[in-house]
Amino acid sequence: MTKQPRFNKILLKLGRDASNNAMMKPEKKKPLGILFWVCVGWIILNVLLAVFASFLPLIDPLYQNYDAVNSGPGLHHLLGTDDLGRDILSRIIFGSRVSIFVSFGAMSIAFLVGVPTSMLASLRRGRFDKILTTVMYSFLAFPAIIATISVLSFWVPRNLAKVIIVVGIFSIPLVYRVIRTASLAVAGREYVTAAKVQGATDRRILIREILPNITPILVSFLLIGIAQVVALEGALAFLGLSINPPTPSWGNMINEARTVLDVNPWLVIFPSIALVLFILSLNFIGDRLRNHFDVAEVKI
Amino acid sequence: MGRYLLQRLVTLIAILFVVSIGSFYLIHLLPGDPAFLILGFNYNPVTKAVLDAQLGLNQPIYLQYFTWIGHVFHGNLGTSFISHQPVLKTILRAIPIDLEMIVISQIIAFGAAIPLAMRSARRPDSTLDRLLSAGSFILLSVPGFIVIVLLVLIVSVKLGVPNTGPSTYVPFMENPFQNLSSLLLPSITLAVGSFVLYFRVLRSDLTGVLQEEFITMARSKGISQRRIMWRHAFRPASVSLLGSAGVNIGGLLASGFIVQFLLAIPGIGFILVGAINTSDYLLVQGVVLFVSGSVVLVNFLFDFIIFFVDPRISRD
């Protein structure tokens with residue numbers, strides 16, 4: 001007797017699943033939603049602020065106002081000042097330049113190398129693919145942060161270009177894996193075979209057939225990759241391996257703030273919020289785009 | 001089966017070889033004469049001769065590698081010219097702290113992720129599931145160094161919980177209670193990142209497995225939900241969980257750098273950052289080799305575990 005209701009429930013659930021499946025048939029694209037556009041707006045705002053920071057009526061991020069040291073948020077300094085009397089708002093805006101510059105630069109390197117090689121590997125297959133994939137997967141076996149920290153600690157004197165190159169190169173295997181998986185699925189389709197039969201060159205197939213079909217995943221992974229590099233650069237700056245102070249960056253602002261936590265908590269809270277919102281927006285946009293184009297989740 | 005493990009072993013050795021070449025070559029990234037930079041203030045003809053012998057710096061570069069790797073196999077990673085201590089000894093003294101942090105953090109992460117993922121997967125799109133998914137998505141975007149700074153700010157500065165702030169670390173043997181409380185915040189930080197990863201991976205796999213026919217079959221036999229979850233669904237769903245745990249635990253050695261640096265916990269990360277700042281290149285090289293080697297070994301270990309959980313893997 002006791003098992004009766006449960007069994008009914010299962011039957012009900014089975015029925016519901018079946019009807020759900022039937023209803024799902026003419027699948028519609030999920031709408032992007034308002035939050036998506038808020039995030040897009042936030043990223044655009046951040047980029048614009050970073051680009052035009054010098055033209056904005058901001059206090060010089062390096063100017064030390066000793067009359068207002070460690071002041072909390074107020075009218076004169078909207079987000080307050082740090083332990084040297086520098087304006088936090090202006091340092092956050094100028095600091096975003098480093099994060100944006102490094103992440104866009106590193107991802108450009110990673111994509112310029114990773115995308116063509118992975119697409120070619122997925123099209124040609126054979127030994128070329130096998131060797132390249134083994135090498136890339138071996139590099140993936142250990143965390144990018146160890147590799148970047150070790151190279152950056154030896155490659156002195158450090159500057160931003162070196163950070164970009166090192167982070168970019170160590171991101172190549174990640175890009176390679178994601179894009180190869182995506183374009184492998186496309187390379188097996190009939191239209192690619194048709195193009196091959198017609199005698200199209202590899203270059204033509206890659207650009208005209210495969211590239212358009214992997215663009216959604218390319219874009220969404222680009223955004224997620226940028227978010228990851230922003231976090232990585234933050235961690236490097238936190239350890240003092242990225243740009244040298246006094247030039248502000250989100251990571252080194254948080255690093256400087258940790259010594260005056262008890263006096264001025266705002267100093268760590270504002271850059272953290274800026275960093276997290278930036279990463280969160282990028283992740284969200286990437287995730288939504290992937291859902292929207294109904295791309296199966298590729299493990300990152 | 002043997003074939004699969006052998007194949008993995010060959011890959012492991014190949015990767016370790018590449019890692020060792022990489023760590024060795026780091027020295028040559030230094031501009032100019034490496035001996036001059038490595039020795040720093042200790043530079044004189046005598047120390048230079050010692051260093052040259054240690055690293056084989058006066059030989060052609062491929063011979064230098066063999067000299068160096070020969071020493072490494074004998075457990076000799078060189079002697080630091082800054083602290084005059086053997087590099088391996090310094091590393092071995094620090095590593096138990098990292099292990100302790102990793103073990104505590106993994107207990108927290110698995111302890112939270114497995115039950116929560118099961119609850120979420122049982123009723124996809126329920127309020128709890130949506131909340132957890134959104135929460136884990138947000139946490140995914142918070143880097144570890146922000147988590148630790150905020151935790152220190154809230155717990156040890158604002159709430160004033162004793163022995164949780166920077167420089168409160170004492171060895172376990174000296175004062176077990178203070179030791180645990182000083183490692184609590186760093187362990188939670190490492191646990192947050194792991195939890196998010198494990199929860200998301202396990203939830204999505206469990207949801208998939210629960211749709212399978214053998215689960216419906218088990219349900220129709222009247223087996224309890226709990227038993228279905230643990231005995232029937234968990235094992236097939238745990239393969240990617242173990243895979244990501246393997247990669248993640250290796251990565252924790254590296255994320256540990258940041259929390260240790262902030263709280264002055266003398267683990268391997270704190271040593272590394274200190275060595276970078278004092279230009280103690282031999283120590284940096286030793287740490288890099290040690291950590292990368294451990295990461296590769298941990299990955300291999302987890303491949304091994306996965307193989308026993310799901311022997312079908314070897315057929316791919």
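Remember, predicted model here, so these are calculated numbers, not experimental data. Residue numbering restarts at 1 for every chain, and letters A, B, ... go by the order of the sequence lines.
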Greatest number of heavy atom pairs closer than 4.5 Å to chain A - which of [options]:
options                : answer
B/V142, B/L140, B/L262 : B/L262
B/L272, B/V291, B/L153 : B/L153
B/V18, B/I258, B/V152  : B/I258
B/V284, B/V287, B/T11  : B/V284

Straight-line distance of [X] [atom1] to [Y] [atom2], nearest 0.5 Å:
X      : Y      : atom1 : atom2 : value
A/L152 : B/I276 : CG    : CD1   : 8.5 Å
B/F145 : A/W250 : CZ    : CH2   : 10.5 Å
A/D287 : B/F137 : CG    : CZ    : 4.5 Å
A/I254 : B/I148 : CD1   : CD1   : 13.0 Å
A/F278 : B/S141 : CZ    : OG    : 12.0 Å

Please determine, among [options], the option with the most heavy-atom pairs under 4.5 Å with chain B.
options                        : answer
A/V276, A/L277, A/L282         : A/V276
A/G234, A/A257, A/A227         : A/G234
A/T134, A/L239, A/I269, A/L241 : A/L239

Contact check, side chains of B/P143 and A/I279, non-hydrogen atoms, under 4.5 Å: yes
